[in-house]
Amino acid sequence: MSVPKVTIVVPVYNVSKYLSKCLDSLINQTLKEIEIVLINDASPDPEDDRICKEYVSKDQRIKYIVHDKNKGLGGARNTGIANTSSNYIGFVDSDDWVELNMFEKLYDAIQKEDADVSQCFFTEHIGTQSKTRRLKKFRKQDDFLNATNVLAWNKLFKKTLFTENKIFFPEHHSLEDIATIPRLMYFVDSMAQVKESLYNYMVTREGAITANYERIFSDHSVVFNLIKKFMIDKEVWNSHRMFFERRLIRSLLHDVSRLLKDTVIEEKKKKDMITNGLEKSTNLLRYPHKIIQSSLRETKKSLERYKRILIIKQLVRF
């Protein structure tokens, strides 16, 4: 087989219900010169292994790697990066699916503009409802932390962005994209935009990490300490701390808002998660004592106030 133009990395863990639909959307891509790297992250579901082997047997473009121990979504993606044959990498979560021309469109765009990254719009699916998400075009700026969305799976990347700059996903933590994409953007000069919805994202499914609020809130501090260390190493912490705080506030607001809408978790449990989970994260802010309030709604309001202050300060700065 000739050298592929694009490698698609697909972590696999407890997704047998969705996996075939995902893989069908990949093996039938209009861009034929692709490589698909399946990473079985020590999945306890034997059907995951059976389905992967079935697809390997019928498509020689598929590589299948099995982890002896679970490394989490981030670790599985890192294994995929280390086992690519092409110069461009895309990531697809195995409970999602993509349009058949997604990687042809992304590849053509990144080639045409000689860009570091290309990205497309996506569609969120919640039960029988769906909504297309359109994204702002990337603009090179000092605020690399907020220059673009933090999604990994709607993009195509130059492989060297990861390998030459030693930027990889954290293992055994949620919020892998938030930990990784902002750091990656420090090295990105240009991003091509495909103004079409080509990725289909399953917002919720049973057992999905996006529903595990306790873990998400505890991981915020881990992820943003990783970003802080990166900024210190690059000697931009003092000059870019305002941007860091804005990125952190945006992330916390997103998850607090989602938790507020949850109709299953009791209010007392929600309050405990906020109090315990936010303390370490808000300590990364210059004025942490103003954030956590007596109720979830008041905490959300205080986050919104802090965000407005940061926006005003950023406008005054420029």
Tell me whether [X] contacts the main-chain N or O of [Y] through its side chain, where contact means a donor paired with an acceptor under 3.5 Å.
{"X": "T79", "Y": "G75", "answer": "yes"}
{"X": "D41", "Y": "S43", "answer": "no"}
{"X": "K32", "Y": "Q29", "answer": "yes"}
{"X": "E245", "Y": "R241", "answer": "no"}
{"X": "T282", "Y": "L278", "answer": "yes"}
{"X": "D143", "Y": "N146", "answer": "yes"}
{"X": "K71", "Y": "H67", "answer": "no"}

To the nearest 0.5 Å, how far apart are [atom1] in [X] and [atom2] in [Y]?
{"X": "S57", "Y": "Y64", "atom1": "OG", "atom2": "OH", "answer": "12.0 Å"}
{"X": "N154", "Y": "L198", "atom1": "CG", "atom2": "CG", "answer": "9.5 Å"}
{"X": "T7", "Y": "F157", "atom1": "OG1", "atom2": "CZ", "answer": "13.5 Å"}
{"X": "R258", "Y": "L253", "atom1": "CZ", "atom2": "CG", "answer": "13.0 Å"}

Check [Y] with [X], please: is the shortest side-chain N to carboxylate O separation under 4.0 Å?
{"X": "E47", "Y": "R50", "result": "yes"}
{"X": "K301", "Y": "E304", "result": "no"}
{"X": "R183", "Y": "D233", "result": "no"}
{"X": "R77", "Y": "D177", "result": "yes"}
{"X": "E196", "Y": "K105", "result": "yes"}
{"X": "D219", "Y": "R215", "result": "yes"}
{"X": "D49", "Y": "K53", "result": "yes"}

Counting only heavy atoms not in [X] (residues, nucleotides, ligands), do more than 12 fall under 6.0 Å from its [atom1]?
{"X": "K307", "atom1": "NZ", "value": "no"}
{"X": "K58", "atom1": "NZ", "value": "yes"}
{"X": "N87", "atom1": "CG", "value": "no"}
{"X": "K137", "atom1": "NZ", "value": "yes"}

**Request:** Carefully, step by step, assess Y18 and W97 under the rule ring-ring contact (aromatic ring centres under 6.0 Å, His included).
**Result:** CA-CA 9 Å; Y18 314 93; W97 73 98; 9.4 Å; no

Search all heavy atoms of [X] against all heavy atoms of [Y] and return the closest pair with its distance.
{"X": "A42", "Y": "D68", "answer": "CB-O, 4.2 Å"}
{"X": "E176", "Y": "F169", "answer": "O-CD2, 3.7 Å"}
{"X": "R286", "Y": "Y306", "answer": "N-OH, 3.5 Å"}
{"X": "I227", "Y": "I178", "answer": "CD1-O, 3.5 Å"}
{"X": "T148", "Y": "M185", "answer": "CG2-SD, 3.6 Å"}
{"X": "K63", "Y": "N83", "answer": "NZ-O, 2.9 Å"}

When you group the ILVMFWY residues by side-chain heavy-atom contacts below 4.5 Å and let the links chain together, are [Y] and [X] in the same group?
{"X": "L19", "Y": "L100", "result": "no"}
{"X": "L226", "Y": "F244", "result": "no"}
{"X": "L151", "Y": "L156", "result": "yes"}
{"X": "F168", "Y": "V222", "result": "no"}
{"X": "V92", "Y": "W153", "result": "yes"}

Side-chain touch [X]/[Y], heavy atoms, less than 4.5 angstrom:
{"X": "L252", "Y": "S281", "value": "yes"}
{"X": "Y186", "Y": "N165", "value": "no"}
{"X": "I167", "Y": "F230", "value": "yes"}
{"X": "V98", "Y": "F122", "value": "no"}
{"X": "I8", "Y": "V37", "value": "no"}
{"X": "V236", "Y": "F144", "value": "yes"}
{"X": "K195", "Y": "Q193", "value": "yes"}
{"X": "V203", "Y": "H125", "value": "no"}

**Item:** Evaluation steps, side chain to side chain donor-acceptor pair (under 3.5 Å), between E104 and T30
**Value:** CA-CA 6 Å; E104 180 178 16; T30 54; 2.5 Å; yes

**Asked** Stepwise, does the side chain to side chain contact (heavy atoms under 4.5 Å, CB included) test hold for D95 with C22?
**Response** CA-CA 7 Å; D95 51 350; C22 174; over 6 Å; no

**Prompt:** N238 and M231: side chain to side chain contact (heavy atoms under 4.5 Å, CB included), yes or no, with the steps?
**Reply:** CA-CA 9 Å; N238 291 329; M231 294 174 70; over 6 Å; no

**Request:** Given side chain to side chain contact (heavy atoms under 4.5 Å, CB included), test I39 with V10 step by step and report yes or no.
**Result:** CA-CA 6 Å; I39 315 296; V10 186; over 6 Å; no

Is it true that [Y] and [X] share a donor-acceptor pair across their side chains at a distance under 3.5 Å?
{"X": "E35", "Y": "S86", "result": "no"}
{"X": "T123", "Y": "S197", "result": "yes"}
{"X": "K159", "Y": "T84", "result": "yes"}
{"X": "Q119", "Y": "N149", "result": "yes"}
{"X": "D255", "Y": "H220", "result": "yes"}
{"X": "Y88", "Y": "Q111", "result": "yes"}
{"X": "D24", "Y": "Y55", "result": "yes"}

**Request:** Apply the test side chain to side chain donor-acceptor pair (under 3.5 Å) to residues Y13 and D48: give CA-CA distance (whole Å), side-chain angles for both, the deciding distance (0.1 Å), then the verdict.
**Result:** CA-CA 7 Å; Y13 186 86; D48 284 346; over 6 Å; no

**Request:** Apply the test side chain to side chain contact (heavy atoms under 4.5 Å, CB included) to residues L145 and H240: give CA-CA distance (whole Å), side-chain angles for both, the deciding distance (0.1 Å), then the verdict.
**Result:** CA-CA 9 Å; L145 296 174; H240 287 58; 5.6 Å; no

**Asked** Going through the distances and angles, do E99 and N200 end up as a side chain to side chain donor-acceptor pair (under 3.5 Å)?
**Response** CA-CA 8 Å; E99 299 302 316; N200 295 282; 2.8 Å; yes

**side chain to side chain donor-acceptor pair (under 3.5 Å) between D45 and N14, intermediate numbers included** = CA-CA 6 Å; D45 183 356; N14 268 356; over 6 Å; no

